[in-house]
There are 4 protein chains.
Amino acid sequence: MARTTDGEGTPVPQRLLATATRLFAEQGYDRTSVQEIVEKAGVTKGALYHYFGSKEDLLQEVYARVLRVQQERLDAFAGSGEPIEDRLRGAAADVVVTTIDNLDDAAIFFRSMHHLSPEKHKQVRSERRRYHERFRALVEEGQRSGVFSSATPADLVVDYHFGSVHHLSTWYRPDGPLTKQQVADHLADLLLRALRP
Amino acid sequence: MARTTDGEGTPVPQRLLATATRLFAEQGYDRTSVQEIVEKAGVTKGALYHYFGSKEDLLQEVYARVLRVQQERLDAFAGSGEPIEDRLRGAAADVVVTTIDNLDDAAIFFRSMHHLSPEKHKQVRSERRRYHERFRALVEEGQRSGVFSSATPADLVVDYHFGSVHHLSTWYRPDGPLTKQQVADHLADLLLRALRP
Amino acid sequence: MARTTDGEGTPVPQRLLATATRLFAEQGYDRTSVQEIVEKAGVTKGALYHYFGSKEDLLQEVYARVLRVQQERLDAFAGSGEPIEDRLRGAAADVVVTTIDNLDDAAIFFRSMHHLSPEKHKQVRSERRRYHERFRALVEEGQRSGVFSSATPADLVVDYHFGSVHHLSTWYRPDGPLTKQQVADHLADLLLRALRP
Amino acid sequence: MARTTDGEGTPVPQRLLATATRLFAEQGYDRTSVQEIVEKAGVTKGALYHYFGSKEDLLQEVYARVLRVQQERLDAFAGSGEPIEDRLRGAAADVVVTTIDNLDDAAIFFRSMHHLSPEKHKQVRSERRRYHERFRALVEEGQRSGVFSSATPADLVVDYHFGSVHHLSTWYRPDGPLTKQQVADHLADLLLRALRP
DNA sequence: TATGAATGAGCTTTCATTCAT
DNA sequence: TATGAATGAAAGCTCATTCAT
């Protein structure tokens, strides 16, 4: 009996995660009650606590998903055999597109990280740092080979770019004048232009 | 006897505002209880509600202060008679220094805005937009006169830069390798380099 | 094991309602704290809010119960085939007995109605008006058929009687010289005597 | 310098009492805050506490005023040399008119009495009883002389009438179909008719 | 696998009153 | 006479979590 009525086709855990993600993004983690999540997901509190140990676990799942996807995509771009300029441009644009595709995740990511318990917080930050370092490695590679200017420390360059990515959830609107691909190309272009020797 | 006995000489409202700012930045607005604020400020709850109508009013005061300062500083830079390149560079670096000088305010600004009631939220966003537009006008002026490249819409350029400013509270540490002035110069430089024709 | 361990065998919601009714009658709605209700009922605040949406909901429940009972009893008397004089006397005496049987409810009814939110207040008043109109119809029937004097508008007659019913909770004491049935007979008698042509 | 601007001509204590009376009647004693009273009266809290020892004192003043007036008026009617029938009818009608003239006082009187401290409550009740007894004496005088029926104990008769007086604030509207004098005559008439032998 | 009653600590806010000036 | 800052207790309500079934 494969049901599709009322979103009940999706398994309970996924449904909970999707609902929680949306609500966390819309209202913030603290403003979203467990009661609200289960009501909107059409299940009961007992069910939620059957699948997730706590409200915080839901939040961490969101992070885990985001981190996994971003790491994989960056690895793909960084590992291609193309010239460094193309690899950096590709990665820089891709993280914009992916972020726009998951604006909710992004909003949560940058706004609610401090709601995690210290240990989980530390773990997420360390994974995030790994991602950041791999990105920085691309910049440094270009600087060493003289393709990029070395006027600015690579660290700062990366933070400059990720600042703008972080900022997307604040201003990007799907019905705005630019498609996500256009935004991505523009932002990647700004990065590359700033790095011209 | 010009000072009250308990702890500080600073007047109660200021003391409350300073304490609240620090706590909001450290723990987030929702995670900070009124009880905690008054305890750390060394007053009672009644005193807080004597001066501020609600917890939210404290948050709004933080915003009002930040917006006022930033608007004034930008006006000073934009209105100087210098060449457009210098005016934009000056303003871009100054907002970085000012932000670092008030990292707590900045952290609150970008993380807690959505905790304001809809009407106050709207008001802050509209003041913020005015600031953004004045900044954009500088970029457009340079683009029109050919000093800056027109490859990227001015809007996007401004969001790119403010993304990095916004991001500062995430990574900047006073005891890091770079002084705030060095960071400011680097970030302004990245902006100007990206705008080279 | 058909009973819970703590104190009473009665289900929690009923226990809460009974306790609240008694306290509201004794001290008034505003003077009765939720804390006091749950303590006297032997449950926790969380339990109360599990069953009732708010303190006001408890009050409305009291009203709903009273209105239902009174309406039913009046219908029974009004619908009997007896002469109008007997029907009015029966109803007039019965409302006195019922009121004395539930003096707490009555005290709350007339003293705390204005504590309800406007919409609930309106709803209770409209149900109350229906009851009042059915009673008035009895008086009018007797006036039309000449059994009762028409010197006084039926409306006023009804208010005159219900004023005394309302007043019962102020002076009636179970250990006083008159039984509730005697009081009821006397008050009904006064009404009928006043209506003699 | 006799001011009349802005209601400031009236002395502060009177202004406070009038404002408090209105607010107590409209919202109930507990729902009316001292802050609200002083704001609406155009003075400060310090001023209120200069003239009145506490919020409760304001309430007691309302009672004192009502009791004094009613007692005086009843004495006047009872002491006239007229036939008992006319004296009772006069007093019964007069209490209705006076009550309608001060509906706010009446509403407070019957609704907020239990907000007084036990000792003040007791004092008010005892004064109220004196009033009640003087009224009852009129009924008994008529019963002894055979002008009124003795079918109903005089006590009950008095409660019957005062129940309707008490009830006035619930239903009487100045813009209704009957003038206060008409209502008073009708209610006195009902009482006298019920007492016909 | 799921329910939902119940907990208990914590939240923001209100308020009558006091007191130095 | 009057001010208004400050107090401190108590109010109504929310919520993540547990647990017997």
Side-chain angles (χ1 to χ4, degrees), chain A residues 11-13 16 29-39 42-59 115, chain B residues 1 4-6 11-13 16 29-38 41-58, chain C residues 1 4-6 11-13 16 29-39 41-58, chain D residues 11-13 16 29-39 42-59:
Chain A
V12 170
L16 282 167
Y29 178 76
D30 279 324
R31 308 287 250 240
T32 305
S33 73
V34 168
Q35 186 59 43
E36 202 177 351
I37 297 172
V38 298
E39 270 170 17
V43 303
T44 63
K45 264 196 263 206
L48 186 150
Y49 280 95
H50 181 73
Y51 292 109
F52 299 91
S54 66
K55 186 184 170 189
E56 205 188 315
D57 280 7
L58 276 168
L59 183 56
H115 292 328
Chain B
M1 204 190 340
T4 39
T5 51
D6 51 12
V12 171
L16 282 167
Y29 178 77
D30 278 328
R31 305 291 250 237
T32 304
S33 74
V34 169
Q35 185 59 43
E36 201 177 353
I37 297 172
V38 299
V43 302
T44 61
K45 265 192 264 201
L48 186 152
Y49 282 95
H50 182 69
Y51 291 107
F52 299 91
S54 65
K55 186 184 169 189
E56 203 190 317
D57 278 7
L58 276 169
Chain C
M1 205 190 338
T4 38
T5 50
D6 53 12
V12 170
L16 281 167
Y29 177 77
D30 277 328
R31 305 291 249 238
T32 304
S33 74
V34 169
Q35 186 59 43
E36 201 177 352
I37 297 172
V38 298
E39 270 169 18
V43 301
T44 61
K45 262 193 267 201
L48 187 151
Y49 281 95
H50 182 70
Y51 291 106
F52 299 91
S54 66
K55 185 184 169 190
E56 204 190 318
D57 278 7
L58 276 169
Chain D
V12 170
L16 280 167
Y29 178 76
D30 279 323
R31 311 286 251 238
T32 304
S33 75
V34 169
Q35 187 59 43
E36 200 177 353
I37 297 172
V38 298
E39 269 169 19
V43 303
T44 63
K45 264 195 264 206
L48 186 150
Y49 280 95
H50 180 73
Y51 291 109
F52 299 91
S54 66
K55 185 184 169 189
E56 204 189 315
D57 280 6
L58 276 169
L59 183 56

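Every chain is numbered from 1 and lettered A, B, ... according to where its sequence line falls, protein lines coming before strand lines. The shown structure was predicted, so the numbers you read here are calculated from the model rather than taken from an experiment.
With F/dA16, F/dG12, E/dG8 as the choices, the nucleotide that has an atom nearest any side-chain atom of C/Tyr49 turns out to be F/dG12. Closest contact between the side chain of C/Val34 and the listed nucleotides F/dG12, E/dA5, E/dA16 involves F/dG12. When distances run from any side-chain atom of D/Lys55 to the nucleotides F/dT17, E/dA6, E/dT17, the shortest one goes to E/dT17. Distance from the side chain of D/Ser33 is smallest for E/dC15 among the nucleotides E/dC15, E/dT17, E/dA6.
In this structure, B/Ser54 and D/Glu56 both approach DNA chain E, and ranking their closest nucleotides by distance from the 5' end singles out B/Ser54. Along DNA chain F, the nucleotide nearest to C/Tyr29 and the one nearest to D/Ala47 differ in position, and the one closer to the 5' end is contacted by D/Ala47.
In this structure, CZ of D/Arg31 is placed 10 Å from P of F/dG12, rounded to the nearest angstrom. As a whole-Å value, the separation of A/Asp30 CG from E/dT12 P is 11 Å. Rounded to whole Å, atom P of F/dC15 lies 16 Å from atom CG of C/Leu48. The interatomic distance linking C/Glu36 (CD) with F/dA9 (P) rounds to 19 Å, in whole Å. In this structure, C/Gln35 places its CD atom 20 Å from P of E/dT14, rounding to the nearest Å.
When both distances must be under 3.5 Å, the Watson-Crick or G-U wobble mate of F/dA20 is E/dT3.
Judged by a 6.0 Å distance limit and a 45° cone about the ring axis, D/Lys55 is not positioned over the six-membered ring of D/Tyr49.
Counting distance only, with no hydrogens placed and no angle test, the side-chain atoms of B/Lys45 and the base atoms of E/dT13 include a donor-acceptor pair under 3.5 Å.
As judged by a 4.0 angstrom heavy-atom cut-off over every strand, B/Phe52 is placed among residues making no nucleic acid contact. Heavy atoms of C/Val12 sit under 4.0 angstrom from primed sugar atoms or phosphate atoms, though from no base atom.
In this structure, CG on A/Leu58 lies 5.0 Å from CZ on A/Phe52, to the nearest 0.5 angstrom.
At least one side-chain heavy atom of D/Gln35 sits less than 4.5 Å from a side-chain heavy atom of D/Lys45.
For F/dA2, neither phosphate oxygen OP1 nor OP2 lies less than 4.0 angstrom from any side-chain nitrogen or oxygen of D/His50. Here D/Tyr51 reaches the OP1 or OP2 of F/dA2: one of its side-chain N or O atoms lies under 4.0 Å away.
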* Asked: Given the rule in the side chain to side chain contact (heavy atoms under 4.5 Å, CB included) test, do B/Val38 and B/Val43 qualify, once you have shown the distances and angles that lead to the verdict?
  -> CA-CA 5 Å; B/Val38 299; B/Val43 302; 4.1 Å; yes
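No donor-acceptor pair closer than 3.5 Å links the side chain of B/Tyr51 to the backbone N or O of B/Leu16.
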